[in-house]
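Read through the structure below, which is laid out as C-alpha cells, and then see the notes.
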Amino acid sequence: MFKRAVEEGLDPLAYCDRMEQEFRRTWARLHVSFDDFIRTTEPRHKAGVTELTKRIYDAGDIYEGVYEGWYCVSCEEFKQERDLVHGHCPLHPAIKPEWIREKNYFFRLSKYQRSLLDHFAAHPEFLRPEIRRNEILRLIEGGLVDISVSRAGQSWGIPLPFDPSSVVYVWFDALINYASAVGLGGDPGMNAMFERWWPADLHVIGKDITRFHAVIWPAMLMSAKLPLPRQVFGHGFMTLNGQRMSKTLGTIVDPIDAADRLGLDPLRLYLVKEVSFGGDGDFSWERYDERYNVDLANNLGNLVSRVTAMAGRYCQGRLSATAAGSDRLARLADEVAADYRRAMDALALHEGAAAAYRLIDATNEFIASTAPWTLAKDPGSKSRLEQVLFDGAEAIRLAAVLLQPIMPSSCREILRRVGASANDLRLDRDGRWRTDGERVLVQEGPLWPRYTPKESTTVSDNPLPPAPGTSAPASDRISIDDFMKVELRVAKVLAAERVPKSNRLLKLQVDVGTEERTLVAGIAEAYEPETLIGKTVVVVFNLKPAKLMGVESNGMVLAASPDGGKPTVVTFEAPPPPGTRVR
RNA sequence: GCCGGAGUAGCUCAGUUGGUUGAGAGCACGCGUCUCAUAAGCGCGGGGUCGGCGGUUCGAGUCCGCCCUCCGGCACCA
C-alpha cells in the first residue's frame, strides 16, 4: 500500500483517501448500504489497536524475538526467499539484498492451538461454510507457529504501546478494525458501545482471508479475554464461464458494466439467486440475459403488468377484499415467508430468493386457473373477480417485500404499483399475508422489457485484447539500454524431462549456439517433454543461475503465461539457428 | 506431489443419517391451450447405464476400495 502510494506520487494518507472515495462510489452505484465505514487511519482505530495490543501483551502473549531475512534497501522491505531473482530483488537487480536481523515482536499463536480446536468443536457454526471449516481445522491440527506482529523503524502504522519504536504489523492491526469500529479502547461512551455490540454476530469475508479471521483473530481475542465473533462466513468468488476471472486475459466482468446493460437490480438478483452462497458462482452473459428474461420480464414483471392491467380495466384500479380469499395462496405465502426467513438467517440467500419465486410462480398459476378475464364477462361474478385480483396483488406485495433487500428500488416500484407502502418495511409485520384493506393499483409500462440480444452486438465472452490506453505510464517505462541488458537468444531443445516430484517443472537441455545448457522451465502443465525436443525457443541467456527443486537452471525459456491459464512457449515460424540474438 | 472439493438429463444444479426418488427442479427443446399480460402465462411431454470398475447390503447417486477427469489451496513456476 505504502509502496503503491509512493509510486503514484501520493502521500499514503492521500492515497487512502482516494481509495475510500472509490469504494464509496462503487457501493453507492451498486446500492450497497452500510451503517459504518472504518479505516485503519482513524483515531478510534488507533485507540482500539493500542488497547487490544496492550491486553495481549499484558497476557504475556507477545514476546521479543528476532526476525531475519533478505532485506532490499531500495524497497525498504523484507523479501521472501522465493521472491528473489537469482538472489536479487526483482525490482532492484543492481542492489544486493542484505541479510538482516531485526528486533521483532511475536504473538504466541502456537499457545492457542488447543483452545482453537476446542472452540471449533464446541461451536460447529463458528466457521462456515463447511468446506472452510474443514480446511481450517486441518490447518490448526497441523500446528501453529508464532507470528511476527511488528515492524521496526516504519513511519506508517500504529506504534506498539510498550515499544513505540516499532509499529503494529498490517493485518494484526487490520483485524482489530472489527473491535475498534464499535468502540474498543475509546472513551467511556465508546466503551459502552463496545459492550453493547461486541461480540459480533457475523463476519462476512472472502474465502481467501479465512485463515486470518478464523485462526489469528480468534486467538488474539482469546488472549485479550474478549469474546469471539459468533460466526465467520467465508464467501466464494464469481467466475466467468467457469473460469477464474483474469485481468490479463481480459476475462473480467465489471459489475458496473453488467448493471449498465440490464439494470442494477437484475444484476443483484442474479448474484443472489444463481449463486449458492458460500460457494463460487458462475457468471456468463448468456445466462445473465436468460435469467433476466425468465425471472424478471416473463415471471415477475409480467405478473405485475397483468394484475395491474386487469385491476385497472375491470375495477378502475381499486381493489378490496370482498369475498373469501384464496386459502391456497395464503397458505403458500405463509410457508414461503417462513422458508425465506429460515434461509436468510442461514445466509442461504439463493434459497431465500427461490422461496419468493415459489410465490410468484404460484400466483401466475393462480391467475391462469381463476381466469379473471372470464369472471369479468359475468356481472354476477363481480365480487369474486375483485377478490381474485386482490389476492394476486397481495401475493405480489408479499413477494416484493421478500425481494426488497435484493432489489430495493425495483421492489419499491412494485409496491407502489400494487398500492402498498414501501416505507419502513419489516419482515415480521409486512411479510405476512393480509386479507383486508383497500388497494389502489396503477398500471404503467413494463418494469423489465424483454431483452433480445442483437446478433451483431452480442457481448463477447472471449478474452479481449487489452484496451488501448492501458499501457504503463511513461515514467514506468524502461530505456532501450535497460532492455539491452537482457540477452535473449534463440535456442534449440535437445532433451527434455520432468523434474522429479514437481508437476510444473521440466528440465531442458538446450543448444544456445555457443554451448549447451541445462535449464528449468515451469511449463510441464502444458507440454509433454517429448513434444519439446527439436523445438526452437527463446531463452534469457544472461540470467544468473538458480536452483529449483534441486536442479540448477542456467537461463529461462520465454513463454506467455496467462493468469489461470497454461503457458505457451515462444517459438518461430522459421527457426533461426541457435545462438541468434533476439531483440 | 500433498491437502481439499466436485463429477446426476443439452445447460445450471437439488437430492437430509442407504429403502414411496427403481432419479428430481429450473432453463432450453417439442406439443397443446387461454388471451388479462412484456410473442409473456398455464398444461403435457421427450431426454439421464446418477464419472468408471469392484465391494458391503435384502436394498446404494446415497457407505467402502481402486481408477479417471475437472476445480481450488500449498510446494515448485529463472
Side-chain angles (χ1 to χ4, degrees), chain A residues 82 84-88 90 129-139 141-142 207-208 210-211 236-237 239 242-244 273-276 279-282 284 286-287 290-291 293-314 350-351 354 357-358 360-361 363-376 385 388-389 392 443 445-452 498-506 519-526 539-540 542-559 561 564 566-567:
Chain A
R82 65 162 174 271
L84 296 179
V85 177
H86 294 296
H88 282 74
E130 201 69 17
I131 296 120
R132 308 280 161 254
R133 184 181 138 85
N134 292 338
E135 261 172 33
I136 294 297
L137 264 176
R138 277 191 309 277
L139 187 125
E141 284 160 359
K207 66 179 184 180
D208 53 332
T210 311
R211 288 174 55 165
F237 297 150
T239 56
Q243 299 283 114
R244 192 177 182 151
K273 191 162 181 277
E274 291 303 295
V275 176
S276 72
D280 287 346
D282 189 49
S284 77
E286 286 82 3
R287 192 154 179 86
E290 175 198 300
R291 296 324 310 174
N293 279 335
V294 173
D295 289 335
L296 294 174
N298 295 358
N299 289 342
L300 180 53
N302 183 235
L303 175 62
V304 173
S305 289
R306 63 200 302 213
V307 169
T308 54
M310 286 190 280
R313 187 195 289 199
Y314 305 141
H350 64 298
E351 286 177 20
Y357 264 86
R358 286 217 312 278
I360 292 166
D361 292 342
T363 307
N364 269 321
E365 290 163 28
F366 171 74
I367 300 290
S369 64
T370 50
W373 51 91
T374 305
L375 295 174
L385 167 66
V388 163
L389 293 178
Q443 182 193 3
L447 289 158
W448 297 284
R450 266 185 76 79
Y451 177 77
T452 322
R498 292 185 176 281
V499 173
K501 302 186 107 179
S502 163
N503 58 342
R504 285 215 187 132
L505 300 183
L506 289 184
L519 49 83
V520 177
I523 54 173
E525 286 178 312
V539 301
V540 181
N542 58 341
L543 198 58
K544 291 195 177 173
K547 240 193 192 163
L548 295 162
M549 301 290 283
V551 183
E552 186 171 272
S553 179
N554 286 283
M556 160 179 178
V557 175
L558 257 44
S561 307
K566 293 184 174 175

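Chain A is the first sequence line, chain B the second, and so forth, proteins listed ahead of strands; every chain is numbered from 1. Predicted model only: the values in this text are computed from it and were never measured.
No contact: Pro372(A) has no heavy atom under 4.0 Å from any strand. Contact annotation for Leu519(A): no contact, since no heavy-atom pair falls under 4.0 Å across all strands. If you check every strand for non-hydrogen atoms under 4.0 Å, Ala297(A) touches a base. Contacts of Val307(A) with the nucleic acid, taken as non-hydrogen atoms under 4.0 Å apart, are absent.
A distance of about 14 Å separates the P atoms of A23(B) and U62(B), rounded to the whole Å. For G43(B) and G26(B), the P atoms lie 9 Å apart once the distance is rounded to whole Å. If you take atom C1' in U16(B) and the same atom in G72(B), they sit 26 Å apart, rounded to whole Å. On the P atoms, G47(B) is 27 Å away from G54(B), given to the nearest whole Å. A gap of 33 Å separates the P atoms of G45(B) and G59(B), to the nearest Å. Taking atom P in both G5(B) and A14(B), one finds a spacing of 15 Å when rounded to whole Å.
The nearest whole Å value for the distance from the CG atom in Asp295(A) to the P atom in G41(B) is 11 Å. Rounded to whole angstrom, the span from the CG atom of Asn364(A) across to the P atom of G41(B) amounts to 7 Å.
Contact annotation: Arg450(A) side-chain N/O to A40(B) OP1/OP2 distance is under 4.0 Å. Residue Asn298(A) places at least one side-chain N or O closer than 4.0 Å to OP1 or OP2 of G41(B). For Arg313(A) and A37(B), the shortest distance from a side-chain N or O to OP1 or OP2 is below 4.0 Å.
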Fill in the dot-bracket string of RNA chain B, one character per base: . for unpaired, | for a pair to another strand, ( ) or [ ] for pairs within the strand, taking Watson-Crick or G-U pairs under 3.5 Å. (((((((..((((.....[....)))).(((((.......))))).....(((((..]....))))))))))))....

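In this structure, G5(B) is classed as anti because its glycosidic torsion departs from zero by more than 90°.
Interatomic distance, Glu290(A) CD to Asn298(A) CG, rounded to the nearest 0.5 Å: 10.5 Å.
No donor-acceptor pair closer than 3.5 Å links the side chain of Asn293(A) to the backbone N or O of Arg450(A).
Each of Asn299(A) and Arg287(A) was assigned the nucleotide of RNA chain B with the nearest heavy atom; the assignment lying further toward the 5' end belongs to Arg287(A).
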